[in-house]
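No hydrogens, no waters, no symmetry mates; every other heavy atom, side chains included, goes into these values.
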Amino acid sequence: MTDPKGLAILICSPGVDRPELCVTPLVHAIVARAMDCEVEIHFAGPAVRLLVDGLADSLYPTPAQEKSIGDFLREVIAEDIPLFACGMARAGWIAAGETLIPQARAAGATAFIARTLDPAWRTLVY
């Protein structure tokens, strides 16, 4: 068995309607990166809306509202963790006129499935 090279995280279930569920995968990504792991985050389904420019800044995972989901995303970005938006999800969940944050890259289901099949990568799904 090979040592893992990286961690690919898929965020597909948590969405803007449940921000308390959105923070855990972001924290796990930051922790994995702090452990010198190569990390990438894939957003699919309604979770792709977390990448709409400005939207995550209005979402808070706790009632105290001390730190927004946007703050966590900026921490992820500061760690050079790539953010991938699924094209199919984008077509279904992003309205005309909405733009994604500049750091969001395009990658579909194939990219994440390739990571799940690569023995050098581990995957987490939220």
Exercise for review: Would you please name every residue forming a side-chain contact (heavy atoms from CB on, under 4.5 Å) with Thr110, sequence neighbours left out?
Suggested key: none
Review point. Side chains of Tyr60 and Ser68: does their closest heavy-atom pair fall under 4.5 Å?
Key: yes
Practice item. Report the residues that fulfil side-chain contact (heavy atoms from CB on, under 4.5 Å) with Pro14, sequence neighbours left out, ordered by chain and then residue number. Key: Ile11, Leu21, Cys22, Tyr126
**Study point:** Cation-pi geometry met for Lys67 and Phe72 (6.0 Å, 45°)
**Key:** yes
Review point. Would Leu50 and Leu55 satisfy side-chain contact (heavy atoms from CB on, under 4.5 Å), going step by step from the backbone distance to the final call?
Key: CA-CA 7 Å; Leu50 296 169; Leu55 183 61; over 6 Å; no
Check your understanding: Any idea which heavy atoms bring Arg33 and Ile81 closest together, and the distance?
Key -> CB-CD1, 3.9 Å
Point to revise | Set of side-chain contact (heavy atoms from CB on, under 4.5 Å) partners for Glu66, sequence neighbours left out | key: Thr62, Ala64
Exercise for review: Could you list who else is in Ile113's hydrophobic cluster, with ILVMFWY side chains joined at under 4.5 Å, directly or through other members?
Suggested key: Leu117
Check your understanding: Going by heavy atoms in the side chains, are Pro25 and Ile41 under 4.5 Å from each other?
Key -> no
Revision key, fill the gap. Taking every heavy atom of Asp118 against every heavy atom of Ala120, the minimum-distance pair comes out as OD1-N, 2.8 Å
Check your understanding: Can you check whether Leu26 reaches Ile9 side chain to side chain, under 4.5 Å on heavy atoms?
Key -> no
Review point. In the hydrophobic cluster built from side-chain contacts under 4.5 Å, what are the other members alongside Val125?
Key: Leu10, Phe112
Review point. Between Leu7 and Thr123, is any pair of side-chain heavy atoms under 4.5 Å apart?
Key: no
Practice item. Applying salt bridge (Lys or Arg N to Asp or Glu O under 4.0 Å), name anything that partners Arg74, two or more places apart in sequence or on another chain. Key: Asp57, Asp71
Revision key, fill the gap. For Phe84, the ring pair (Phe, Tyr, Trp, His ring centres under 6.0 Å) test, sequence neighbours excluded, returns His42
**Study point:** Heavy-atom check, side chain of Leu83 versus side chain of Phe43, under 4.5 Å
**Key:** yes
Review point. Is Val52 close to Val16 at the side-chain level, that is, under 4.5 Å between some pair of heavy atoms?
Key: no
Point to revise | Joint cluster assignment, Leu124 & Trp121, ILVMFWY side-chain distance < 4.5 Å | key: no
Review point. Got a sec, which residues hit salt bridge (Lys or Arg N to Asp or Glu O under 4.0 Å) with Glu98, two or more places apart in sequence or on another chain?
Key: Arg49
Check your understanding: Among pairs that include at least one residue of residues 101-113, which meet salt bridge (Lys or Arg N to Asp or Glu O under 4.0 Å), considering only residues two or more places apart or in two chains?
Key -> none
Exercise for review: Sequence neighbours left out, what passes salt bridge (Lys or Arg N to Asp or Glu O under 4.0 Å) with Arg90? Give chain and number order.
Suggested key: none
**Study point:** Listed partners of Arg115 passing salt bridge (Lys or Arg N to Asp or Glu O under 4.0 Å), at least two apart
**Key:** Glu40
Point to revise | Under the side-chain contact (heavy atoms from CB on, under 4.5 Å) test, residues paired with Pro46 that sit two or more places apart | key: Trp93
Practice item. Following the transitive rule for hydrophobic clusters with a side-chain heavy-atom cut-off under 4.5 Å over Ile, Leu, Val, Met, Phe, Trp and Tyr, establish whether Val31 and Ile77 coincide in one cluster. Key: yes
